[in-house]
Amino acid sequence: MEKPGFLFFALPGQGKAMIEAARALDERGFPHIYCPQGSAAAITSSDAEERVVRPYLGGSWTDGLTHALALGMATKRMTIGSGIEVTYTRHPHEMLGIANYINEVCDGRFVLGLGTGHSEILQRFNYPLEKPLGHMRRYMEDLRAAAVGQPVPRIIFSALRKKMVRLAGELVDGAIWANCVRSHLPVSLKEIPADKRDTFIVANLTPAYVSDDRNEALAAVRLTLTNYMTLTNYQNYFIEAGYEEEVQRARAAIDADDHAGVAAAVSEKMADDIAVFGTPAQVREKVEAFQAAGVNQICLSTLFHSQNQAEAVMKIAAVFD
């Protein structure tokens, strides 16, 4: 089994600690890190005029590309990627320039992950939204037009449903999921052209939780999946992957302003199909299962563990030493 990578996010004041954690992981043979753009969290409110369950409100605590540059300069071997940069927030020319610089100073180890983000977040910032497939095609056309005479780093698309996977297979070097449904992944990967499958990056940002108490671990996973269950893109993906009943229960809980009900809508089977959790042996087994299903860059996410992200990452990493 190849060691997993990690999703790397830094709360304010934790940037240096995350850089040191990346350096230690690199020395210990962990193969890749992906950096998200900002952060997002479900909002709860006691205000009677506000819904108890509302979609993500994006934060701006960390710039993913800046973080990727710092981590790349502190490491020597591991792949550093953006997971993902939202296309609406940077012009294709600017995105290319930043990505090429990071790739240059990191000796070709950078992967540019791009995606449209979620309409529930983008509408709050008044972005003029396009249909995702057409937008990503146009964005890549503009980016490649800007790259005349310049190199282009490896690029992957954020993907959930099969149509975006197919577009990634046509236009770029890979696809990255967050909360990929393991049992459905082989179906998604059929959209990749046969001549690209050997080199195609299949990345997944997977919630991970280590505990000998399965109930504790399951509760933690359900909590982190709660936010995703409020997002339309994820609801549609989970339905495509065979979890329509769970989505319908979550929608009913959202309509009832029942935050706990959204978490409870995530069945144990669904949690087990998406996350890596349990005893150390079970966590290693689940990582192997994702790799067997076709994931060649699995990144474990500890965002829901603790405010101390470096500590949370290193706790998971110890399972694989």
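For the numbers below, each heavy atom of this structure counts, side chains included, while hydrogens, waters and symmetry mates do not. These figures come from a predicted structure and were not determined experimentally.
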Side-chain donor-acceptor contacts of residues 186-193 below 3.5 Å, not counting sequence neighbours, with atom names and distances?
{"unit_1": "Glu191", "atom_1": "OE1", "unit_2": "Arg166", "atom_2": "NE", "d": "2.7"}
{"unit_1": "Glu191", "atom_1": "OE1", "unit_2": "Arg166", "atom_2": "NH2", "d": "3.1"}

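For the pair Arg284 (side chain) and Val319 (backbone), a donor-acceptor distance under 3.5 Å is present. Between the side chain of Asn204 and the main chain of Ile298, no donor-acceptor pair closer than 3.5 Å is present. Without hydrogens or angle criteria, Ser82 side chain to Gly113 main chain gives a donor-acceptor distance under 3.5 Å. A donor-acceptor pair under 3.5 Å is absent between the side-chain atoms of Glu20 and the main chain of Lys16, judged by distance alone. Listed for the Asn100 side chain is a donor-acceptor partner under 3.5 Å among the backbone atoms of Pro151. Thr89 contributes a side-chain N or O that, together with a main-chain N or O of Val86, makes up a donor-acceptor pair within less than 3.5 Å. Listed for the Arg109 side chain is a donor-acceptor partner under 3.5 Å among the backbone atoms of Cys106. Put simply, the side chain of Thr230 never gets that close to the backbone of Thr226: no donor and acceptor are under 3.5 Å apart.
With respect to the salt-bridge test (charged N to carboxylate O, under 4.0 angstrom), the residues Lys269 and Glu246 do not qualify. Ion pairing between a basic and an acidic side chain is recognised when a charged N comes within 4.0 Å of a carboxylate O; Asp272 and Lys286 show such pairing.
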Stepwise side-chain contact (heavy atoms from CB on, under 4.5 Å) test for Arg154 and Asn103: CA-CA 9 Å; Arg154 290 175 292 171; Asn103 198 42; over 6 Å; no

side-chain contact (heavy atoms from CB on, under 4.5 Å) evaluation trace for Leu225 with Tyr234: CA-CA 10 Å; Leu225 291 178; Tyr234 272 97; over 6 Å; no

From CA spacing to verdict: side chain to side chain donor-acceptor pair (under 3.5 Å), Asp212, Thr279: CA-CA 5 Å; Asp212 290 335; Thr279 66; 5.2 Å; no

CA sep, side-chain torsions, deciding dist, call: Val152, Leu143, side-chain contact (heavy atoms from CB on, under 4.5 Å): CA-CA 9 Å; Val152 177; Leu143 188 148; 4.3 Å; yes

Asp26/Lys76 under salt bridge (Lys or Arg N to Asp or Glu O under 4.0 Å): CA gap, chis, key distance, verdict: CA-CA 7 Å; Asp26 189 45; Lys76 298 178 180 179; over 6 Å; no

Chi angles and distances behind the side-chain contact (heavy atoms from CB on, under 4.5 Å) call for Val202, Gln297: CA-CA 6 Å; Val202 179; Gln297 291 190 7; over 6 Å; no

Step-by-step salt bridge (Lys or Arg N to Asp or Glu O under 4.0 Å) determination, Arg137 to Asp142: CA-CA 9 Å; Arg137 182 179 293 279; Asp142 291 347; over 6 Å; no

Step-by-step salt bridge (Lys or Arg N to Asp or Glu O under 4.0 Å) determination, Arg90 to Glu85: CA-CA 9 Å; Arg90 281 190 169 97; Glu85 283 298 305; 2.8 Å; yes

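Inter-residue side-chain proximity for Cys180 and Thr206 is flagged as unmet; no heavy-atom pair is nearer than 4.5 Å. Side chains of Arg28 and Asp321 form a contact here, defined as non-hydrogen atoms less than 4.5 Å apart. You'll find the side chain of Glu216 reaches within 4.5 Å of the side chain of Ser211, heavy atoms only. In this structure the side chain of Ile201 never reaches within 4.5 angstrom of the side chain of Ile176, judged on heavy atoms. By the 4.5 Å heavy-atom criterion applied to side chains, Tyr139 and Thr116 are not counted as neighbours. No side-chain heavy atom of Phe6 sits under 4.5 Å from any side-chain heavy atom of Cys299. Considering only heavy atoms from C-beta on, Pro4 comes within 4.5 Å of Phe30 through its side chain. Leu25 places a side-chain heavy atom less than 4.5 Å from the side chain of Met314.
Note: the hydrophobic cluster containing Met229 also contains Ile254 (ILVMFWY, side chain heavy atoms under 4.5 Å, direct or indirect links). The hydrophobic clustering, which links ILVMFWY residues whose side-chain heavy atoms are closer than 4.5 Å, places Met136 and Val111 apart. Leu112 is not connected to Ile156 by any chain of hydrophobic side-chain contacts under 4.5 Å among Ile, Leu, Val, Met, Phe, Trp and Tyr, and they are in different clusters. Connection of Ile102 to Leu7 is not established within any shared hydrophobic cluster, with ILVMFWY side chains joined at heavy-atom distances below 4.5 Å, either directly or through further cluster members. Hydrophobic cluster membership differs between Val165 and Met140, with clusters built from Ile, Leu, Val, Met, Phe, Trp and Tyr side chains linked at under 4.5 angstrom.
Taking both residues in full, the closest heavy atoms of Leu171 and Arg144 are given as O-NH2, 3.1 Å, listed atom of the first, atom of the second, then distance. Val247 and Phe238 make their closest contact through CG2-CB, 3.7 Å (heavy atoms, listed as atom of the first residue, atom of the second, distance). Of all heavy-atom pairs spanning Val221 and Ala271, the tightest one is CG1-CB, 3.9 Å. Taking every heavy atom of both residues into account, Gln282 and Phe277 meet most closely at CB-O, 4.1 Å. Of all non-hydrogen atoms in Gly278 and Ala217, the two that sit nearest each other are N-CB, 4.1 Å. Across every non-hydrogen atom of Ala175 and Ala168, the tightest pair is CB-CB, 4.2 Å.
Interatomic distance, OH of Tyr101 versus CG of Leu65, reported as 13.0 Å (0.5 Å rounding). With rounding to the nearest 0.5 Å, the separation of CG in Leu133 from CE in Met164 is 4.5 Å. For the atom pair His184 NE2 and Tyr243 OH, the distance stands at 11.0 Å (nearest 0.5 Å). For the atom pair OG1 (Thr302) and OH (Tyr209), the distance works out to 11.5 Å, reported to the nearest 0.5 Å. Taken to the nearest 0.5 Å, the CD atom of Glu245 stands 12.0 Å off from the CD1 atom of Ile239. In this structure, the separation between CG on Asn236 and CG on Leu160 is 9.5 Å, given to the nearest 0.5 Å.
Cation-pi geometry between Lys3 and Phe320 is not met: the NZ or CZ atom fails to fall both under 6.0 Å from the ring centre and inside 45° of the normal. Tyr237 does not carry Arg161 over the face of its six-membered ring by the limits of under 6.0 Å from the centre and within 45° of the normal.
For Phe8 and Tyr34, the gap between ring centers reaches or exceeds 6.0 Å. The distance between the ring centers of Tyr88 and His135 falls below 6.0 angstrom.
A donor-acceptor contact closer than 3.5 angstrom is absent between the side chains of Gln235 and Tyr228.
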